[in-house]
Amino acid sequence: MVTKVEKNFKTVQFQTDLLNWYRENKRDLPWRKQATPYHVWVSEIMLQQTRVDTVIPYYEQFMRLFPNMEHLAYAKEEAILKAWEGLGYYSRVRNLQVAVREVVEQYGGVVPRTRKEISTLKGIGPYTAGAILSIAYGQREPAVDGNVMRVLSRILHISDDIRKAATRKKFEECLYELIDPDDPGSFNQGLMELGALICTPTSPSCGVCPVQSHCQAFAVGIQTSLPVKTKKKKPKKVAIASFLLQDEDGHVLIEKRPDQGLLAGLWQLPLVESASDVKAACVERYGEVIAFEKTAGYVKHVFTHLVWEIDLYKGMLRKQDAHMQESHRFVPVADLEQYTFPVSQQKLLSYAFEEGWL
DNA sequence: AAATCGGGGAT
DNA sequence: ATCCCAGATTT
């Protein structure tokens with residue numbers, strides 16, 4: 001067997017120190033009340049790239065709406081998207097439903113217990129597989145997220161770029177040696193909790209760290225220069241013209257986005273990207289527009305890899321003149337809340353309400 | 001290996 | 001402004 005962790009590392013003492021601290025200091029989080037595979041699964045999907053405080057209310061509502069795998073498996077897509085509205089990375093909830101259906105229909109309702117099998121499920125990658133297996137099933141499997149890489153890069157003084165995929169594997173190999181054999185779930189959560197509460201990115205609280213004596217970075221005073229992470233390039237700007245188009249009854253035209261790609265399947269005010277002649281673009285798509293005007297409405301919305309700079313235009317469209325497409329719908333203002341809108345669109349709609357246009 | 005996929009909070 | 005967050009999937 002190849003050893004990844006240095007011989008003089010006091011593994012058992014480290015496990016004890018971490019677990020004692022975790023048991024005393026762990027936060028009282030809703031998904032820790034019931035650690036069934038389904039509860040852990042839902043929480044871990046929501047927590048991907050998303051902060052604990054953001055997730056809590058979504059998690060509680062989601063478990064009320066879909067209390068078990070059968071409920072989620074047979075829920076309508078509109079219902080699961082609505083429950084995810086505002087949380088971001090919407091493919092997560094679609095993948096979750098696909099995977100839950102597979103468990104219900106192919107695995108007899110039992111979440112698979114092996115890394116190999118569970119990893120075939122949509123949306124379950126290396127981290128989530130390890131989290132479910134260790135927390136719900138008590139298996140000695142690593143769960144390497146951003147917290148764990150930061151904590152371990154400091155404790156073990158690992159300087160590999162954590163943005164590279166190979167680096168995550170290196171941490172997993174270390175963890176197969178380090179992980180506590182008696183309580184792997186608490187050990188993994190302890191590492192993450194330590195990263196969230198003590199071993200924070202810019203100003204770690206090393207003075208009160210329960211594993212300070214094990215930390216090689218602290219020993220030489222370089223904890224704040226770890227982990228090493230190459231920075232990524234800035235998002236690209238995209239000019240957007242959004243249209244608030246109402247018919248003679250005051251119904252609003254909304255559009256369903258394609259089922260692939262950015263914000264897939266969510267609803268929005270009709271929009272065009274980088275049009276030189278906005279009114280012409282609007283008329284070409286939807287037919288003759290009355291009282292078309294640019295409003296003072298403007299929304300800047302930042303995604304991970306691009307920035308939408310949205311100008312809001314408004315006008316009236318007669319139902320009989322409108323070029324209607326399958327993806328579009330005129331809806332009464334009171335019905336808007338039934339649809340799932342991304343945050344950028346919620347900002348636009350809020351503005352329209354404030355102006356008294358809706 | 002690099003790009004895509006949301007949104008919010010801390011610094 | 002920049003980084004980070006209990007990452008996974010697609011290209």
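Chain naming here is simple, since letters A, B, ... match the order of the sequence lines and numbering starts at 1 in each.
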_5' priority, DNA chain C, between A/E193 and A/Q260 [closest heavy atom]_ = A/E193
_Tell me whether A/K314 forms a cation-pi arrangement with A/W357, defined as NZ or CZ under 6.0 Å from the six-membered ring centre and within 45 degrees of its axis._
yes
*Are A/K279 and A/Y313 in a cation-pi contact, defined as NZ or CZ under 6.0 Å from the six-membered ring centre and within 45° of the axis?*
no
*Distance, nearest 0.5 Å, that separates CZ of A/R257 from CG of A/L262*: 5.0 Å
_Under-4.0 Å salt bridge between A/K170 and A/D160_ = yes
*Does A/R140 pair with A/D180 as a salt bridge, N-O distance under 4.0 Å?*
no
*At what distance, to the nearest 0.5 angstrom, does OG of A/S153 lie from CD of A/Q216?*
11.0 Å
_Looking only at the side chain of A/Y90 (C-beta and beyond, no hydrogens), which of the listed nucleotides C/dG7, B/dG7, C/dA6 gets closest?_
B/dG7
*Would you kindly check whether a donor in the side chain of A/R92 faces an acceptor in the base of B/dC5, or vice versa, at under 3.5 angstrom?*
no
*asked:* Is it the case that B/dG6 (base atoms only) and A/S344 (side chain only) share a donor and an acceptor within less than 3.5 Å, ignoring hydrogens and angles?
replied: no
*asked:* Regarding A/W31, tell me which of base, sugar-phosphate or nothing describes its non-hydrogen contacts under 4.0 Å with the strands shown.
replied: base
*Could you say whether A/P201 or A/T128 is positioned toward the 5' end of DNA chain C, judged by the nucleotide with the nearest heavy atom to each?*
A/P201
Polar atom pairs (N or O), protein with nucleotides 1-4 of chain B, under 3.5 Å:
| unit_1 | atom_1 | unit_2 | atom_2 | d |
| --- | --- | --- | --- | --- |
| B/dA3 | OP1 | A/K233 | NZ | 3.2 |

*asked:* For the P atoms, the ones on B/dG6 and on C/dT10, what distance do you get once it is rounded to whole angstrom?
replied: 14 Å
*Closest to the A/T202 side chain: B/dT11, C/dC5, C/dA6?*
B/dT11
